[in-house]
**Q** 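Below is the structure I would like to discuss, written out as structure tokens.
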Protein chains: 2
Amino acid sequence: MTQPPDSIEDSVISAILGGRLRPGTRLGEAKLAEVYGVSRTRVREAMMRLETRGIVHVSARRGWFVVEPSATEARAAFQARRVIETGMLRDLHTLPEHTLRGDAVAHLRAHVEEEREALHTGHVGSRTCLLGDFHIHLAHAFGNPFLTDILRDLTARTTLVSMLYQSDQDAAASSDDHAGIVTLLADGDYAGAARLMDEHIRRVEDGLDLAAAPDPLAGLREILSPGAPA
Amino acid sequence: MTQPPDSIEDSVISAILGGRLRPGTRLGEAKLAEVYGVSRTRVREAMMRLETRGIVHVSARRGWFVVEPSATEARAAFQARRVIETGMLRDLHTLPEHTLRGDAVAHLRAHVEEEREALHTGHVGSRTCLLGDFHIHLAHAFGNPFLTDILRDLTARTTLVSMLYQSDQDAAASSDDHAGIVTLLADGDYAGAARLMDEHIRRVEDGLDLAAAPDPLAGLREILSPGAPA
DNA sequence: TGCACCAATCTTGTATACAAGACTGTTGAG
DNA sequence: CTCAACAGTCTTGTATACAAGATTGGTGCA
């Protein structure tokens with residue numbers, strides 16, 4: 001939760017969530033070591049931790065790369081999120097006392113409001129970041145730290161998927177879903193919230209063009225597009 | 001999946017699942033390096049990966065230790081498993097084609113049979129190992145590699161919990177639950193299987209004495225008990 | 001005796017050195 | 001001109017060296 005302790009990992013993850021690091025990007029140990037002002041040792045440690053979390057992978061003696069989920073992996077990641085998030089919401093009604101922690105609904109409502117604003121200002125980076133954060137906040141509200149961590153990593157993965165398969169997923173529609181879920185939660189209709197969450201994640205997944213093989217030259221094309229600086 | 005690549009991690013995990021490594025056990029880098037015939041570097045890498053998976057933790061300049069889940073963490077780990085495993089089973093009916101992979105039910109049936117035999121022979125180590133493996137196999141049958149990995153680690157955690165809070169959880173009752181789940185799956189009654197799974201995990205959790213603080217001297221007492229070698 | 005202080009030892013934390021493989025660009029033959 | 005072979009460079013893989021903190025055991029004072 002704090003900044004200094006493992007800032008390399010958090011830094012990479014937030015760069016991914018914010019769309020500043022694209023799938024397939026190479027992360028050289030030496031470069032990162034220089035950026036963070038530490039030796040390669042600590043960079044390697046951070047990379048390995050990120051690897052076990054499924055965020056980056058290593059190609060032997062070539063370097064570390066932000067993962068590029070295949071279509072199969074993409075589907076699996078969304079399925080995993082669907083299973084866990086709907087399971088979480090459905091579990092709420094079995095917890096008579098716990099329910100959601102404190103002012104969770106109020107926080108979520110405020111978050112959805114933030115999403116709305118980001119939609120209007122149109123800042124694409126913070127927009128996708130906020131849309132992903134909603135699910136993490138929801139997990140946090142549920143109060144199970146294990147599930148929160150798991151969903152944080154899965155969300156990072158699906159964010160990468162969205163970047164790869166260029167969904168024109170209506171950000172507005174997503175935010176509407178989020179608002180609907182919060183409303184149902186406020187009413188205590190957990191089963192309904194779970195159902196809507198299921199539809200929501202399916203909708204996002206269906207918005208992706210998983211049939212289209214990811215273009216390995218995407219980055220290159222962008223650079224070579226007319227108007228690029230010499 | 002293969003043996004040689006990351007055998008240190010797998011070795012530690014299987015030692016935990018098999019009850020050969022107890023919570024709180026210290027894992028010295030130098031010792032492990034000698035055992036595995038490598039330098040401390042690789043041991044450290046393995047430990048860090050296990051740390052991000054929540055299996056071990058490091059105490060600054062004191063060493064690596066197998067985690068000792070607190071009562072709160074124990075409850076959270078069981079809740080996470082319940083959410084995910086029931087969510088998985090409930091999701092089966094929404095997958096018209098997929099359902100369970102191939103001969104999964106047959107495999108699970110065979111596994112339950114193995115459990116029964118282990119119960120009779122009474123080998124305690126392999127027994128707890130098998131009872132945990134059932135859930136991992138079930139996840140594998142579902143076919144989502146992410147969920148399989150997640151549940152593997154969560155199961156390792158709950159195994160540690162069971163060791164700490166000395167549940168007299170009837171192994172026989174657990175195995176009966178497993179058998180019941182397999183039967184319901186074979187009948188295609190996924191909702192029923194999910195319900196039974198929910199009860200099953202609750203039962204195991206309730207069998208634990210989470211109120212009893214774990215005894216930090218357990219290992220010592222055992223060594224000093226009458227009959228121990230000089 | 002009881003306790004505070006201190007030195008010796010051990011263990012992890014971090015950096016660095018070197019080995020091994022992958023990629024790049026050049027060169028020379030056909 | 002095309003392409004195969006090769007040397008050079010770059011990057012990761014692994015080990016080792018040293019620094020920093022923790023623990024332990026001993027010593028001396030009250």
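Numbers restart at 1 for each chain; the letters A, B, ... are given by sequence-line order, proteins then strands.
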**Q** Any pair with a residue in residues 153-167 of chain A that passes salt bridge (charged side-chain N to carboxylate O under 4.0 Å, His left out), sequence neighbours left out, goes on the list, sorted by first then second residue, please.
**A**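 Listed once each, the pairs are A:Arg53-A:Asp153.
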**Q** Where the side chain of B:Arg40 is defined as all heavy atoms beyond and including C-beta, which of D:dG13, C:dT11, C:dT14 is the nearest nucleotide?
**A** C:dT14
**Q** Report the nucleotide, chosen from C:dT14, D:dA15, C:dA15, that has the shortest atom-to-atom distance to any side-chain atom of B:Thr41.
**A**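 Of all the options, the side chain of B:Thr41 is nearest to D:dA15.
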**Q** Using whole Å, what does the distance between atom P of nucleotide D:dT12 and atom CZ of A:Phe65 come to?
**A**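 The answer, rounded to whole Å, is 8 Å.
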**Q** Could you tell me the separation between the CZ atom of A:Arg49 and the C1' atom of C:dG13, rounded to a whole number of Å?
**A** 12 Å
**Q** Can you list the residues that meet the ring-ring contact (aromatic ring centres under 6.0 Å, His included) rule with A:Phe78, with sequence neighbours excluded?
**A**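 A:Phe78 satisfies ring-ring contact (aromatic ring centres under 6.0 Å, His included) with no other residue.
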**Q** Counting N and O atoms only, with roles assigned by atom type, does the side chain of B:Tyr36 sit under 3.5 Å from a partner on the main chain of B:Ser7, one being a donor and the other an acceptor?
**A** no
**Q** Please identify each residue that fulfils ring-ring contact (aromatic ring centres under 6.0 Å, His included) with B:His107, with sequence neighbours left out.
**A** none
**Q** Quick check: do B:Val66 and B:Arg22 have side-chain heavy atoms less than 4.5 Å from each other?
**A**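 B:Val66 does not reach B:Arg22 side chain to side chain.
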**Q** Is the shortest heavy-atom distance from the side chain of A:Met88 to the side chain of A:Leu151 under 4.5 Å?
**A**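 Yes, side chains in contact.
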**Q** Within this structure, what is the CZ-to-C1' distance between B:Arg26 and D:dT23, rounded to whole angstrom?
**A** 11 Å
**Q** B:Arg62 has a side chain; which of D:dT12, D:dT23, D:dA15 sits nearest to it?
**A**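 When the side chain of B:Arg62 is considered, D:dT23 is the closest of D:dT12, D:dT23, D:dA15.
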**Q** Hey, is the main chain of B:Ala173 close enough, under 3.5 Å, to the side chain of B:Asp170 for a donor-acceptor pair?
**A**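 It does not hold such a pair.
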**Q** With no hydrogens and no angle check, is any side-chain donor or acceptor of A:Arg26 less than 3.5 Å from a backbone partner on A:Arg62?
**A**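 Between the backbone of A:Arg62 and the side chain of A:Arg26 there is a qualifying donor-acceptor contact (under 3.5 Å).
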**Q** Mark yes or no for whether A:Glu73, through its side chain, and A:Ser70, through its backbone, hold a donor-acceptor pair below 3.5 Å.
**A**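 Answer holds: yes.
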**Q** How long is the line joining OH of A:Tyr36 and P of C:dA15, in whole Å?
**A** 15 Å
**Q** Within this structure, what is the CD-to-P distance between A:Glu34 and C:dT16, rounded to whole angstrom?
**A** 13 Å
**Q** Measure the spacing between CD1 of A:Ile150 and CG of A:Asn144 and express it to the nearest 0.5 Å.
**A** 8.0 Å
**Q** What's the NZ-P distance between B:Lys31 and C:dC10, to the nearest Å?
**A** 12 Å
**Q** The side chain of B:Arg42 is closest to which nucleotide in this list: D:dT14, D:dT11, C:dA15?
**A** D:dT14
**Q** Angle, rounded to 10°, between the helical axes spanning five pairs at each terminus of the helix from C:dT1-D:dA30 to C:dG30-D:dC1?
**A** 0°
**Q** Could you state the atom-to-atom distance from CD of A:Glu29 to C1' of D:dG13 in whole Å?
**A**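 Computing the A:Glu29:CD to D:dG13:C1' distance gives 9 Å.
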**Q** Are there any protein N/O atoms within less than 3.5 Å of an N/O atom in nucleotides 19-21 of chain D, and if so, which ones and at what distance?
**A**
residue	atom	partner	partner atom	Å
D:dA20	N3	B:Arg61	NE	3.2
D:dG21	O4'	B:Arg61	NE	3.3

**Q** Could you tell me whether the phosphate oxygens of C:dT12, OP1 or OP2, come under 4.0 Å of any side-chain nitrogen or oxygen in B:Arg44?
**A** no
**Q** Tell me if a side-chain donor or acceptor on A:Asp103 pairs with a main-chain N or O of A:Ala106 at a distance below 3.5 Å.
**A**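 Side chain of A:Asp103 to backbone of A:Ala106: no pair is present.
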**Q** Could you run down the sub-3.5 Å N/O contacts of the protein with nucleotides 6-9 of chain D?
**A**
none

**Q** Using modelled atom types and a 3.5 Å cut-off, is there a donor and acceptor pairing between side-chain atoms of A:His57 and backbone atoms of A:Glu68?
**A**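 Judged by distance alone, no pair lies under 3.5 Å.
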